Participant: 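The structure is given below, and queries will be raised subsequently.
Excluded from the calculations below are hydrogen atoms, water molecules and symmetry mates; all remaining heavy atoms, backbone and side chain alike, are included. Computed from a prediction, not measured in an experiment: that's the story for all the values here. Nothing fancy with the numbering, it's 1 onward along the sequence.
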Amino acid sequence: MPHPMPPPSTPPVPLADLLARTDLGLRQLAGPREGVAIHWVHTSEMADPVPYLLGGEMLLTAGVHLAEVRATAATSPDAALDAYLDGYAARTVAAGAAALGFGIAPVHDTVPPALVAACDRHGLPLVEVPAGTPFTAVESAVWQAVTEARHRELTRLSEAQRALAAAAARPDPASAVLRALARHVHGWTALLAPDGAEHGSAGPRPDGPVRAAAGRLARVLGTGGPSSATDTLPGTSLSAYALTGRGHGRQALALVVAADPHDPPAHTIAGVAAVLLALITGPATAHGPAAAEHSAALVRLLLGARPADVAPLLGAPLWTVVHAERRRDTTESAASLAAALGTSLVAPGTAAEAPAAPGVRPATEATPRTDAATAPGVTPALRALVPADQEVTAYPGWTLGVSEPAPVTELATADRHAAAALRRALAGRTSLVRHRTPGPHSITSLVAPADARQHAQALLAPLADSPPLLATLHNWLSLHGSWDRTATALGIHRNTVRQRITRITGLLDTDLDDPDVRMELWFALRSLDRDASRP
């Protein structure tokens, strides 16, 4: 049994929301009634759809495959069907599917009782899809809900990032960041010493048990424990991040955030604040003009300054850009990764609507059509500027994309390269990927840039007005035609990748199975990438 893929970064849709839609008419017959989340929808009439499941989906079937089981049974068709359905439900659960939808008509008038019993045994939510509801309506409802939720989440994250970055530039930045954080997570935030003493707080003060739990987390982090920790109390989720204090006898401080446990974006926002507070309170900014200049450079970059304007403040002639995505199964915080990278120039990752991160102009100004920014689901959790002489290695619990060393004036290009490297690392499920630029003796150097650009524009003209198709082709070719890895890289369903590639094949009127065609298209896409990277 293949291990199910981790859920996508897009917010899930509660099954209860789909059941509440009267236009769909869905009815749950078996399995858990609470806490079921749907990430996407997959339809299959195969007897064994498991190899084609990614995990987290609602599997839809009309039960066409059940008739074959009964017809081929040597003896006792009912017993054979019962055994088959039990295995079908068990394997679907093991593959990570979130729910099973069974369509009524044209094959079955009712959901087979044996399937209802099997789903109850194995804890698989079973939903009856009425005859008047096409499967495409269910899929459309899920994607509509995912899109709306993702838009709300990104808007909230973008607003929080802007507020936190602006707060970091104010007098008494630590207090300003705590106030902005409390406002955006709708909870309580505090800087606590290991003995529980507060060095700043904001938001509604929690009750005694929550405050005591916060003190325990700060004590664990401040006495050589992990870099982050969490605790859950009735109605409250606590997250704590280890920081290094300044101006308090060099005590180890912890950022503690109390928020609604059913508010996942609050954890992401808290991680952004932890990175900023680690910068503000950390030893790299403790004293001295150089440290102050580095802090000023970071804040100016966060607020959208051009790299050339802050180059004198950064010092090092060459920098490496790192994009990092936190894996769901880790407790390692962004602050601990920043410390491991050996740099204080760390910023939260940004979406297209968010403020610019180190060395990055707004996406509307500097993002080529085939860049990672055009693909959902690849926004990094944080970005970092690391001096080129500082080695970047894999870090537990995080996936890293690393650029080649670049001067400050070329950080926008290095940022795109780091984004592409992170995308490849996520798709390949590797901990670290480094971008490599072809050498001076590569085959691309044999063609003049102007000629290559002209050829690429002509070849890809049918896709010029469709950034999603260009991004899909770019990823699909870079990942050797893998449907699953391309879907993971883009944050979309595998079937969507197939549909887009089919459309691309028609628009270009070519055969994408031909290696010569793939090579020529890749050459064209790379030519456009190089052209877009020029200032």
Side-chain angles (χ1 to χ4, degrees), residues 2 5 40-46 49 51-54 136 139 143 367-378 416-417 419-421 423-429 433 435-439 441-533:
M5 294 176 62
W40 39 42
V41 175
H42 178 63
T43 301
S44 175
E45 297 300 335
M46 299 183 66
Y52 303 95
L53 299 182
L54 297 177
T136 53
E139 182 174 10
W143 283 113
T367 303
R369 291 178 178 176
T370 55
D371 194 351
T374 64
V378 294
R416 285 191 289 274
H417 292 166
R423 187 174 61 240
R424 292 196 298 272
L426 291 171
R429 303 183 193 178
V433 168
H435 173 81
R436 301 297 184 193
T437 300
H441 302 296
S442 68
I443 192 170
T444 57
S445 65
L446 302 178
V447 181
D451 293 339
R453 183 168 62 255
Q454 184 177 6
H455 172 72
Q457 290 171 343
L459 182 63
L460 297 170
L463 311 181
D465 296 328
S466 182
L469 293 184
L470 277 171
T472 300
L473 179 61
H474 191 286
N475 281 270
W476 188 73
L477 290 174
S478 71
L479 296 170
H480 311 292
S482 169
W483 308 108
D484 289 343
R485 294 171 65 193
T486 303
T488 300
L490 294 175
I492 59 179
H493 195 274
R494 176 183 48 217
N495 289 347
T496 304
V497 176
R498 289 181 179 273
Q499 293 165 2
R500 289 183 181 179
I501 293 300
T502 299
R503 187 179 174 195
I504 290 168
T505 300
L507 290 172
L508 297 181
D509 190 21
T510 190
D511 180 10
L512 291 181
D513 290 330
D514 187 332
D516 290 334
V517 171
R518 293 195 187 193
M519 180 180 67
E520 185 175 12
L521 288 172
W522 181 248
F523 177 84
L525 289 167
R526 293 289 294 165
S527 298
L528 293 183
D529 281 349
R530 287 192 296 273
D531 185 48
S533 67

Participant: OG of Ser478 to CG of Leu473: how many Å apart, nearest 0.5 Å?
Facilitator: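 Answer rounded to 0.5 Å: 9.5 Å.
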Participant: Please say whether more than 12 non-hydrogen atoms of neighbouring residues, nucleotides or ligands are located less than 6.0 Å from CD in Glu45.
Facilitator: yes
Participant: Answer yes or no: are there more than 12 heavy-atom neighbours, outside Asp509 itself, under 6.0 Å from its atom CG?
Facilitator: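 Check fails, neighbour count at 12 or below.
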Participant: Out of curiosity, Tyr52 OH to Asp484 CG, how far, rounded to the nearest 0.5 Å?
Facilitator: 10.5 Å
Participant: Counting neighbours of CZ on Arg518 that are heavy atoms of other residues, nucleotides or ligands and sit closer than 6.0 Å, is the number greater than 12?
Facilitator: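 Buried by this count: over 12 neighbours within 6.0 Å.
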Participant: Compare every heavy atom of Ala487 with every heavy atom of His493, then report the nearest pair and how far apart it is.
Facilitator: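 Looking at all heavy atoms of both residues, the shortest contact is C-CB, 3.9 Å.
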Participant: What's the shortest heavy-atom distance between Ala524 and Leu460, and which atoms?
Facilitator: CB-CD1, 4.0 Å
Participant: Can we call the ring centroids of Trp143 and Trp40 under 6.0 Å apart?
Facilitator: no
Participant: Could you report the tightest heavy-atom contact between His474 and Leu525, atom names first, then the distance?
Facilitator: CA-CD1, 3.8 Å
Participant: Below 4.5 Å, heavy atoms only, C-beta onward: do Leu426 and Arg485 meet side chain to side chain?
Facilitator: no
Participant: Ignoring hydrogens, what is the shortest heavy-atom contact between Leu469 and Leu463? Give both atom names and the distance.
Facilitator: CD1-CD2, 4.2 Å
Participant: Using 30° and 60° as the class limits, which term best fits the ring planes of Phe523 and His455: parallel, tilted or perpendicular?
Facilitator: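 Judged by the thresholds at 30° and 60°, the geometry between Phe523 and His455 is tilted.
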Participant: Calculate, to the nearest 0.5 Å, the distance between atoms CZ and CG belonging to Arg500 and Leu470 respectively.
Facilitator: 11.0 Å
Participant: Report the distance from atom OG1 of Thr486 to atom CZ of Arg494, rounding to the nearest 0.5 Å.
Facilitator: 11.5 Å
Participant: For the atom pair CG (Leu521) and CG (Leu508), what is the distance rounded to the nearest 0.5 Å?
Facilitator: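 If I round to the nearest 0.5 Å, the distance is 6.0 Å.
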Participant: Hey, what do you get for CG (Asn475) to CZ (Arg424), rounding to the nearest 0.5 Å?
Facilitator: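 Asn475 CG to Arg424 CZ: 10.0 Å, rounded to 0.5 Å.
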Participant: Dump the intermediate steps for side-chain contact (heavy atoms from CB on, under 4.5 Å) on Leu512 and Trp476, then the final yes or no.
Facilitator: CA-CA 11 Å; Leu512 291 181; Trp476 188 73; 4.0 Å; yes
